[in-house]
Amino acid sequence: MQKKLKLWDAIMLVMGSMIGSGIFIVSADMMRNMGSGFWMIVVWIITGVMTVAAAISYGELSALFPKAGGQYTYLKEIFGKRMGFLYGWGLFTVIQTGTIAAVAMAFGKFTAYLIPSLNDATPIIQSGEFKITWIQILAIAVILVLTYINTRGVQSGKILQNIFTGSKIIALIGLIALGFILVDFSHLAENFSWGTDAFSNLKKDISGNFLKEGWEPIGGMTLLGGIAAAMVGSVFSSVAWESVTFVSGEIENPKKTVVKSMIYGTSAVMILYIAVNFVYLNALDRDLIAFAANDRVAVAASQNIFGSAGTIIIALLVMISTFGCDNGLILAGARVFQTMAKDGMFFQSAVKNNKNEVPENALWMQGVWASLLCLSGQYGNLLDMISFVIVLFYMITVFGVIYLRIKQPALERPYKTWLYPVTPIIYLIIGTCFCILLLIYKQQYTWPGFLLVLLGLPVYYFINRKKANS
């Protein structure tokens with residue numbers, strides 16, 4: 001593979017893949033679970049520490065295995081082909097493709113916010129609850145256009161990624177600055193006035209709308225359950241940074257560049273995320289955050305900051321953000337499926353590069369499946385179910401750093417995890433608490449996604465039986 005990606009490109013890929021639609025939406029659900037500005041920021045800080053700790057730990061593995069495939073390669077090399085395949089199976093069936101679909105749909109929904117006729121148009125097909133809308137068609141068009149651009153070569157995808165990621169970073173910095181300068185009345189003191197007290201309001205009326213009354217104080221294990229539930233949103237907004245490891249084979253000096261890009265990129269994004277949440281807390285009171293229409297907290301905040309033009313500004317920002325995010329996810333994901341195909345774990349046609357030295361077949365397979373998920377309307381539910389599994393795979397990979405240190409201490413390590421073993425242990429402790437609390441309090445986020453990944457086991461044994469018989 002051609003080494004066309006430099007450090008700046010890799011950082012842009014990390015940041016661009018992380019910043020999608022989540023940061024503009026998830027704070028509403030977080031506030032409903034925590035009911036306090038203090039705890040909302042605490043959850044974002046915990047997620048930030050967790051994310052950067054994982055990135056620092058992954059750095060050691062990226063230097064040991066500086067080739068395409070990233071996390072799939074790490075898991076395969078450390079724990080064997082079966083573990084690598086289960087990760088790759090989850091990645092193709094929903095983690096990568098489902099995220100691509102969800103982000104494309106967010107692009108469509110915010111486009112419809114600017115063009116109401118898209119929202120109001122009669123569904124193209126409707127049968128019971130199943131329907132195909134023009135928003136879904138727009139989302140599919142975005143996926144297919146970005147897939148096509150990426151088949152033109154890594155240079156095309158890189159330029160697009162840098163432009164859109166740079167644009168949304170500048171826009172976010174502008175939103176943060178103006179969110180304190182232009183707001184007439186600050187709600188910051190009010191939102192922090194409860195101190196360490198936490199509240200919850202998840203009550204709904206008959207129609208399924210959240211009730212604005214009835215905040216209830218929570219503490220003890222209920223508070224821990226609320227933190228775990230709130231973290232589902234913050235963790236979802238903070239994943240996909242590992243996408244840069246998928247394209248290691250196309251990065252200059254990957255042994256150093258990949259780890260730097262992950263640490264710099266994740267740190268910068270988490271600082272931006274925490275600052276954006278301070279803007280929400282400054283511009284809006286607790287109820288306006290928790291019960292923002294369609295959870296669009298950023299839209300509500302922008303109306304207070306910029307007036308009537310705020311909705312247009314934020315809609316354009318989300319469109320830029322989601323377009324750039326999907327480009328990064330599409331660029332990176334196909335490299336994993338190509339690597340799996342080389343190992344005999346995916347369709348063999350995905351092995352080949354086209355004349356532009358990119359895995360065109362793998363790109364189109366990913367694009368077609370993501371498009372089908374858009375049509376299914378189920379990608380959102382699938383992503384909720386898979387959040388637990390994403391963290392589990394992160395934990396297994398981070399544990400791989402410790403496992404390799406014990407099993408192969410003499411292995412030459414071009415980069416060693418900073419503050420080892422403290423850094424990986426921090427991630428493992430936070431991740432374990434998060435998963436256990438979800439298992440206790442929010443089982444809808446756990447077992448379905450876990451079972452979905454386990455469905456890959458019979459597929460794995462079927463593939464290997466065919467290879468054994470051939």
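These figures come from a predicted structure and were not determined experimentally.
- Under a cut-off of 6.0 angstrom, the local environment of CZ in F192 is crowded, with over 12 non-hydrogen atoms contributed by other residues, nucleotides or ligands.
- Crowding of R82 atom CZ: a count of heavy atoms from other residues, nucleotides or ligands under 6.0 Å not exceeding 12.
- Here the closest heavy-atom approach between residue W44 and residue S238 is recorded as CZ3-OG, 4.2 Å.
- Relative to the six-membered ring of F24, R296 misses at least one condition, a distance below 6.0 Å or an angle of at most 45° to the axis.
- Side-chain atoms of V154 and R335, non-hydrogen and from C-beta on, do get closer than 4.5 Å to each other.
- Residues D343 and K81 are not paired through a salt bridge, judged by the lack of any N-O separation under 4.0 Å between the basic side chain and the carboxylate.
- Smallest separation of non-hydrogen atoms from T93 and L373: O-CD1, 3.8 Å.
- For an aromatic pair to be called close, the ring centres must be under 6.0 Å apart, and Y72 with Y87 fails this.
- The two atoms that bring V401 and S57 nearest to each other are CG2-O, 3.4 Å, heavy atoms only.
- Of the charged side-chain nitrogens involved, at least one lies within less than 4.0 Å of a carboxylate oxygen, so that R32 and D29 count as a salt-bridged pair.
- Side chains of Y394 and Q71: a donor-acceptor N/O pair is absent below 3.5 angstrom, by distance only.
- Partner of I11 under the side chain to side chain contact (heavy atoms under 4.5 Å, CB included) criterion, chosen from V14, L7, L13: L7.
- Ring geometry for F399 against F79 counts as parallel: the plane angle stays under 30°, on a 0 to 90° scale with 60° as the upper cut.
- In this structure, Y148 places its OH atom where only 12 or fewer heavy-atom neighbours from other residues, nucleotides or ligands lie under 6.0 Å away.
- Surrounding CZ of F450 are at most 12 heavy atoms belonging to other residues, nucleotides or ligands under 6.0 Å away.
- Side chains of I56 and V259 form no contact here, defined as non-hydrogen atoms less than 4.5 Å apart.
- Between Q366 and L329, the shortest heavy-atom distance links the atoms OE1-O, 4.0 Å.
- For the pair M105/L138, no side-chain contact is recorded, criterion being any heavy-atom separation below 4.5 Å from C-beta on.
- Counting non-hydrogen atoms of neighbouring residues, nucleotides and ligands closer than 6.0 angstrom, the NZ atom of K109 reaches no more than 12 such neighbours.
- Looking only at atom types and distance, the side chain of E60 has a donor-acceptor partner in the side chain of T417 under 3.5 Å away.
- Ionic pairing of E77 and K67 is present here: one or more N-O contacts between side-chain nitrogen and carboxylate oxygen are shorter than 4.0 angstrom.
- Residues N191 and Y280 have side chains that never bring a donor and an acceptor to within less than 3.5 angstrom of each other.
- Contact detail for N356 and N354: the closest heavy-atom pair is N-OD1, 2.9 Å.
- The closest side-chain donor-acceptor pair between E360 and T151, if any, does not fall under 3.5 angstrom.
- F92 and F337 have perpendicular rings, their planes meeting at more than 60° on a 0 to 90° scale where under 30° would count as parallel.
- Checking S349 against N361 by side-chain atom types alone, no donor-acceptor pair falls below 3.5 Å.
- Inspection of the Q338 and N353 side chains reveals an N or O donor paired with an N or O acceptor under 3.5 Å.
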